[in-house]
Amino acid sequence: QVQLVESGGGLVQAGGSLRLSCAASGRTFSSCAVGWFRQAPGAEREFIATISRSGENTSYGDSVKGRATISRDDAKNTVYLQMNSLKYEETAVYYCAAREAGSIATLPQRYDYWGQGTQVTVSS
């Protein structure tokens with residue numbers, strides 16, 4: 001079992017940056033792949049980024065390529081998402097998720113565990 005807690009959200013101006021953290025508990029976390037998703041009101045959950053259990057493989061959604069970086073520190077049981085040049089339309093609740101299969105995945109249904117989410121609000 002893995003428990004996930006996101007942090008680092010808040011209010012940021014358009015063009016600004018944020019680093020989100022996903023802190024995990026559970027001894028199997030280091031064997032999990034981890035993903036970040038976001039969901040705006042009335043919209044479907046959108047894939048942002050994913051990292052494999054080894055950290056060697058990553059993948060990004062088209063809307064964030066070149067502006068987002070996912071990384072992990074297994075010593076701290078934490079995965080990070082650095083987001084730059086944020087846009088107003090990226091206001092959403094940001095979620096991290098873990099999957100026991102260690103390979104990357106872009107579909108939310110591939111993930112086994114989810115955090116409660118952290119709100120990111122981008123002001124215009």
Exercise. Is there a side chain to side chain contact (heavy atoms under 4.5 Å, CB included) between I70 and V79 once you walk through the steps?
Worked result: CA-CA 7 Å; I70 189 171; V79 171; 3.9 Å; yes
For this session: Scan for disulfide (SG to SG under 2.5 Å) pairs involving residues 55-85, sequence neighbours excluded, and state none if there are none.
Result: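 Of all non-adjacent pairs touching residues 55-85, none passes disulfide (SG to SG under 2.5 Å).
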Does [X] have any side-chain contact (heavy atoms from CB on, under 4.5 Å) partners at least two apart in sequence or in another chain, and if so, which?
| X | value |
| --- | --- |
| A23 | T78 |
| V12 | L18, L86, V122 |
| E56 | S54 |

For this session: Any pair with a residue in residues 40-68 that passes ring-ring contact (aromatic ring centres under 6.0 Å, His included), sequence neighbours left out, goes on the list, sorted by first then second residue, please.
Result: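 Qualifying pairs: F37-F47.
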A side-chain contact here means heavy atoms from C-beta on lying under 4.5 Å apart; do [X] and [Y] qualify?
| X | Y | value |
| --- | --- | --- |
| F29 | L4 | yes |
| V2 | T28 | yes |
| T91 | Q119 | yes |

For this session: State which residues pass side chain to side chain donor-acceptor pair (under 3.5 Å) with S25; sequence neighbours excluded, sorted by chain then number.
Result: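 With sequence neighbours excluded, S25 shows a side chain to side chain donor-acceptor pair (under 3.5 Å) to Q3, given in chain and number order.
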Problem set entry | For R99, side chain to side chain donor-acceptor pair (under 3.5 Å) partners two or more places apart |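 Listed in chain order: S103.
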Exercise. Under 4.5 Å between side-chain heavy atoms, hopping through other hydrophobics if needed: is there a path connecting M83 to I51?
Worked result: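 Per the 4.5 Å side-chain linkage, M83 and I51 are co-clustered.
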Problem set entry | Shared hydrophobic cluster, L20 / V34 (ILVMFWY, side-chain heavy atoms < 4.5 Å) |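 Cluster IDs for L20 and V34 match.
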Please tabulate, one pair per line, all N/O donor-acceptor pairs under 3.5 Å involving side-chain atoms of residues 105-112, not counting sequence neighbours.
{"unit_1": "Y111", "atom_1": "OH", "unit_2": "T50", "atom_2": "OG1", "d": "3.0"}
{"unit_1": "Y111", "atom_1": "OH", "unit_2": "A105", "atom_2": "O", "d": "2.6"}
{"unit_1": "D112", "atom_1": "OD2", "unit_2": "E100", "atom_2": "N", "d": "2.8"}

Problem set entry | Contacts of C22 that satisfy disulfide bond (SG atoms under 2.5 Å apart) - sequence neighbours left out |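 Only C96 meet the disulfide bond (SG atoms under 2.5 Å apart) criterion with C22.
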Problem set entry | Qualifying residues under salt bridge (charged side-chain N to carboxylate O under 4.0 Å, His left out), relative to R72, sequence neighbours excluded |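 Testing R72 for salt bridge (charged side-chain N to carboxylate O under 4.0 Å, His left out), a comparison that skips the adjacent residues, returns D74.
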For this session: Not counting sequence neighbours, list each pair that qualifies as a side chain to side chain donor-acceptor pair (under 3.5 Å) and has a residue in residues 7-21.
Result: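 Only S17-N84 qualify under side chain to side chain donor-acceptor pair (under 3.5 Å).
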Problem set entry | Contact list for residues 34-47, test side chain to side chain donor-acceptor pair (under 3.5 Å), sequence neighbours left out |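 Only R38-E46, R38-S63, R38-E90, R38-Y94, Q39-R45, E46-S63 qualify under side chain to side chain donor-acceptor pair (under 3.5 Å).
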Closest non-hydrogen atom pair, [X] against [Y]:
| X | Y | value |
| --- | --- | --- |
| I104 | S52 | CG2-N, 3.4 Å |
| G9 | V120 | CA-CG2, 4.0 Å |
| A92 | A40 | CB-N, 3.8 Å |
| G117 | V93 | CA-CG1, 3.8 Å |

Exercise. Are the side chain of E6 and the backbone N or O of Q116 linked by a donor-acceptor pair below 3.5 Å?
Worked result: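 Indeed, once roles are kept as given, a pair shorter than 3.5 Å links the two residues.
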